[in-house]
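Structure first, commentary second.
None of these values were measured; they are calculated from a predicted model. Residue numbers start at 1 and run along the sequence shown.
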Amino acid sequence: MSHYLHTGVGGVAILFAIATQRWIMLLGVLGVIFCSALFSHLVFEKNKPAAATHPFWWSVLNDIRMLMHFLTGTLKAELEKAAL
């Protein structure tokens, strides 16, 4: 659930920072999102985040993809297809 929270709230905050041209806020938001996601992986999920083995942009795009599947109700089918 924390993935959805980080992706959703982070996405809105990033769009707000860009729309208002608050570039320092943009950097801060990116840092907070990354640190909180890393904390979530280490403490709650007890796994290694994709950003540790893949490019950062790859893990961000997949978080967005996962959120879209969650919101459309297709996440379970995608996880089954990936054998997770």
Side-chain angles (χ1 to χ4, degrees):
M1 193 65 160
S2 67
H3 273 285
Y4 312 130
L5 181 65
H6 293 129
T7 305
V9 173
V12 170
I14 288 169
L15 291 175
F16 177 78
I18 291 171
T20 58
Q21 297 183 357
R22 296 181 181 176
W23 309 119
I24 299 295
M25 179 183 172
L26 178 61
L27 292 174
V29 167
L30 291 172
V32 168
I33 292 169
F34 182 77
C35 290
S36 60
L38 182 62
F39 177 79
S40 176
H41 272 284
L42 298 175
V43 174
F44 300 116
E45 298 174 20
K46 301 198 184 335
N47 61 17
K48 185 167 50 169
T53 55
H54 294 84
F56 179 73
W57 60 267
W58 186 88
S59 59
V60 171
L61 290 177
N62 280 293
D63 277 349
I64 294 168
R65 182 174 164 230
M66 184 173 64
L67 176 62
M68 290 298 115
H69 282 299
F70 174 74
L71 293 174
T72 59
T74 59
L75 182 61
K76 183 176 180 182
E78 283 295 310
L79 292 174
E80 288 172 356
K81 189 166 45 173
L84 297 175

Note, [X] side chain near [Y] side chain (heavy atom, < 4.5 Å):
{"X": "T53", "Y": "K48", "result": "yes"}
{"X": "L75", "Y": "Y4", "result": "yes"}
{"X": "W23", "Y": "Q21", "result": "yes"}

Please report the shortest heavy-atom distance between [X] and [Y], naming the atom on each side.
{"X": "H6", "Y": "S40", "value": "CE1-CB, 4.0 Å"}
{"X": "K46", "Y": "V43", "value": "NZ-O, 2.8 Å"}
{"X": "I33", "Y": "S36", "value": "O-OG, 3.1 Å"}

Rounded to the nearest 0.5 Å, what separation is found between the [atom1] atom of [X] and the [atom2] atom of [Y]?
{"X": "L26", "Y": "I18", "atom1": "CG", "atom2": "CD1", "answer": "5.5 Å"}
{"X": "W57", "Y": "L61", "atom1": "CH2", "atom2": "CG", "answer": "6.5 Å"}
{"X": "M66", "Y": "L71", "atom1": "CE", "atom2": "CG", "answer": "10.5 Å"}
{"X": "D63", "Y": "M68", "atom1": "CG", "atom2": "CE", "answer": "11.5 Å"}
{"X": "L30", "Y": "F56", "atom1": "CG", "atom2": "CZ", "answer": "6.5 Å"}
{"X": "N47", "Y": "H41", "atom1": "CG", "atom2": "NE2", "answer": "5.5 Å"}

Any chain of hydrophobic side-chain contacts (each under 4.5 Å) joining [X] to [Y]?
{"X": "L27", "Y": "V29", "result": "no"}
{"X": "L5", "Y": "V12", "result": "no"}
{"X": "W58", "Y": "V60", "result": "no"}
{"X": "L67", "Y": "L15", "result": "no"}

